[in-house]
2 protein chains.
Amino acid sequence: MNDRLTNGAGRAQRRADARRLEILRAAARVFRRSGFAGAGMREIAAEADLSPGNLYHYFKGKHEILYFCQDRSLDVMIAALETARLSGQPASEQLRQVIEAHVRCLIDELEGSAAHLEVDALPAPLRKRIVLKRDRYERGIRRLVASGMRRGELARTDVKLVTRAILGAANWTARWFHPEGPRSASAVAEGLAEYLVRGLAARLPKKAGRGRAAGSQART
Amino acid sequence: MNDRLTNGAGRAQRRADARRLEILRAAARVFRRSGFAGAGMREIAAEADLSPGNLYHYFKGKHEILYFCQDRSLDVMIAALETARLSGQPASEQLRQVIEAHVRCLIDELEGSAAHLEVDALPAPLRKRIVLKRDRYERGIRRLVASGMRRGELARTDVKLVTRAILGAANWTARWFHPEGPRSASAVAEGLAEYLVRGLAARLPKKAGRGRAAGSQART
DNA sequence: TCACAAGTTGAACCTCGGTTCAATTCTCCT
DNA sequence: AGGAGAATTGAACCGAGGTTCAACTTGTGA
């Protein structure tokens with residue numbers, strides 16, 4: 001009976017949540033296509049198949065939509081980072097997974113979102129929250145890299161600089177990747193990760209115990 | 001006499017040109033700070049120390065200012081690419097120079113310009129011209145990389161993908177670099193180039209004639 | 001010195017895009 | 001069925017920012 005009592009209200013809540021999610025996805029697509037400034041509320045409404053005024057029933061305004069898009073993206077990326085961390089694999093493998101997940105998060109055709117690239121577009125209170133989360137993500141990657149360096153799995157270098165280079169290269173795919181292009185999103189993610197990880201593995205061939213490093217030596 | 005006849009007009013022309021350049025520099029700074037959308041003509045005018053209406057004496061509009069900023073940046077980068085190419089040094093060294101110049105072009109405190117990062121903001125005719133030039137620059141880098149691969153100086157891989165990764169990492173410095181930060185622009189440019197070039201040199205240690213590779217082996 | 005062209009200004013204009021809102025429709029519960 | 005709240009709409013509102021422009025100032029050449 002209690003279950004039956006909340007069934008309708010529960011269903012309405014679920015529908016509202018689903019509609020919110022729908023809007024966020026649509027917005028993410030428009031933001032990725034046109035950038036935040038170029039994305040109009042009318043365009044987002046059309047993409048989400050509702051009227052412009054209706055957006056305000058679900059979100060306070062354009063900035064709030066952007067904020068939630070960004071929050072979602074960062075959640076996905078942080079989860080991937082955590083998964084990699086818990087895998088217990090070598091640092092280079094973990095880093096590869098993180099980079100691939102990051103790139104996919106950006107350029108996946110249906111779910112991809114470049115929203116988190118436009119933090120500066122947010123008003124200060126929302127921006128602060130996103131920056132905290134983004135910095136948390138970035139620190140996680142740095143820890144992964146630093147740990148790999150300490151273990152001798154990655155070449156020692158400026159952790160911060162390298163992490164930003166990695167993120168830059170990954171984020172930049174949003175600019176040039178086209179779904180109809182010659183490479184699939186996966187191929188791009190993998191190729192990019194391969195290159196970026198290799199830049200940190202450069203000085204490892206001396207370690208005889210390293211299966212891959214040994215393979216590299218045999219090949220070249 | 002002829003020299004004296006054109007002296008005043010020549011001087012006026014030079015002053016107009018100097019004023020145009022001043023405006024472009026000011027605009028580049030504002031664009032870098034606030035992005036194209038966030039940069040207002042009033043702000044640019046203030047930065048260039050003249051009135052908003054006066055900008056229109058020198059440029060047709062905001063988009064034309066952006067276009068010329070971008071054109072200038074690409075000129076600088078293309079020139080650096082040409083210098084590196086003509087140096088006849090190994091591909092990895094050439095690539096290093098190109099990357100460093102690219103990064104400096106972005107984050108140099110007085111002259112730096114991130115304008116070329118916002119190609120999409122241009123109306124179609126101007127955008128077409130910038131895209132042509134930008135693609136020319138990118139093809140030049142690709143040729144450099146491909147040539148290094150053919151010569152065995154760089155590891156063989158997907159040239160286009162790697163070039164874009166490099167450009168992405170380099171361009172992204174515009175997002176995170178702060179002049180008052182712990183690293184100078186030069187240190188960032190050098191560190192970044194080091195890492196990005198190493199990702200392409202990963203498989204070279206086998207070449208006994210390589211002084212650096214041999215040094216690396218001795219160290220690790 | 002004068003006439004004309006170049007350069008400058010600051011207020012006003014105008015458009016575009018974010019947002020509001022009254023009216024209407026839909027959904028849920030009694 | 002009726003009432004209340006949620007959801008939706010489409011037109012109107014409003015302000016920010018790009019641009020125009022008449023009036024004025026400065027520079028140049030005869």
Side-chain angles (χ1 to χ4, degrees), chain A residues 1-24 26-27 30-31 33-69 118 121-123 126, chain B residues 1-24 26-27 30-31 33-69 118 121-123 126:
Chain A
M1 188 175 88
N2 198 29
D3 184 43
R4 175 171 285 175
L5 192 63
T6 58
N7 203 21
R11 199 192 307 123
Q13 181 62 41
R14 259 179 277 122
R15 193 156 51 228
D17 287 345
R19 178 47 66 83
R20 272 177 67 102
L21 188 54
E22 242 178 272
I23 292 167
L24 289 179
V30 178
F31 289 150
R33 208 191 289 149
S34 313
F36 179 70
M41 293 298 265
R42 292 170 177 86
E43 195 184 347
I44 293 171
E47 183 87 15
D49 202 29
L50 38 70
S51 76
N54 204 4
L55 291 175
Y56 295 85
H57 177 77
Y58 295 95
F59 295 98
K60 284 212 209 85
K62 193 182 178 187
H63 289 105
E64 196 179 86
I65 296 181
L66 179 65
Y67 167 80
F68 280 110
C69 282
E118 308 204 47
L122 288 175
L126 294 179
Chain B
M1 188 175 86
N2 198 30
D3 183 45
R4 180 171 284 172
L5 193 64
T6 59
N7 200 26
R11 199 192 306 124
Q13 181 61 40
R14 258 178 278 124
R15 194 158 46 231
D17 288 345
R19 178 48 65 85
R20 272 178 66 102
L21 188 54
E22 243 177 272
I23 291 167
L24 290 180
V30 178
F31 289 150
R33 208 191 290 148
S34 313
F36 180 69
M41 292 299 265
R42 291 170 177 89
E43 195 183 349
I44 293 171
E47 183 87 16
D49 202 31
L50 38 71
S51 76
N54 204 4
L55 292 175
Y56 295 86
H57 177 80
Y58 295 95
F59 296 98
K60 284 210 209 90
K62 192 180 175 185
H63 290 105
E64 197 178 84
I65 296 180
L66 179 65
Y67 167 80
F68 279 110
C69 282
E118 310 205 44
L122 288 175
L126 293 179

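Here is the naming used below: chain letters follow the sequence lines, and residue numbers restart at 1 for every chain. Excluded from the calculations below are hydrogen atoms, water molecules and symmetry mates; all remaining heavy atoms, backbone and side chain alike, are included.
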Which whole-number value in Å describes the distance from [X] [atom1] to [N] [atom2]?
X: A/M41; N: D/dG10; atom1: CE; atom2: C1'; result: 15 Å
X: A/E64; N: C/dT19; atom1: CD; atom2: P; result: 10 Å
X: A/F36; N: C/dG17; atom1: CZ; atom2: P; result: 13 Å
X: A/Y56; N: C/dT20; atom1: OH; atom2: P; result: 7 Å
X: B/F59; N: D/dT20; atom1: CZ; atom2: P; result: 15 Å
X: A/I65; N: C/dG17; atom1: CD1; atom2: C1'; result: 14 Å
X: A/R42; N: C/dT15; atom1: CZ; atom2: C1'; result: 12 Å
X: A/F31; N: C/dG17; atom1: CZ; atom2: C1'; result: 13 Å

Is any side-chain heavy atom of [Y] closer than 4.5 Å to one of [X]?
X: B/R19; Y: B/L50; value: yes
X: A/M41; Y: A/I65; value: yes
X: B/F68; Y: B/I23; value: no

- Taking all heavy atoms of A/V30 and all of A/A39, pick out the closest pair and write down the distance. CG1-CB, 3.5 Å

- Task: List for me each residue that meets ring-ring contact (aromatic ring centres under 6.0 Å, His included) alongside A/F36, sequence neighbours excluded, and say none if there are none.
- Result: A/F31, A/H63

- Item | Sequence-aligned protein contact record of nucleotides 3-9 of chain D, with B where the base is within under 4.0 Å of a protein heavy atom and S where only the sugar-phosphate is | ----SBB

- Query: Touch check for A/A37, heavy atoms < 4.0 angstrom, all strands: base, sugar-phosphate only, or nothing?
  - Reply: nothing

- A/R42: what forms a salt bridge (Lys or Arg N to Asp or Glu O under 4.0 Å) with it, not counting sequence neighbours? none

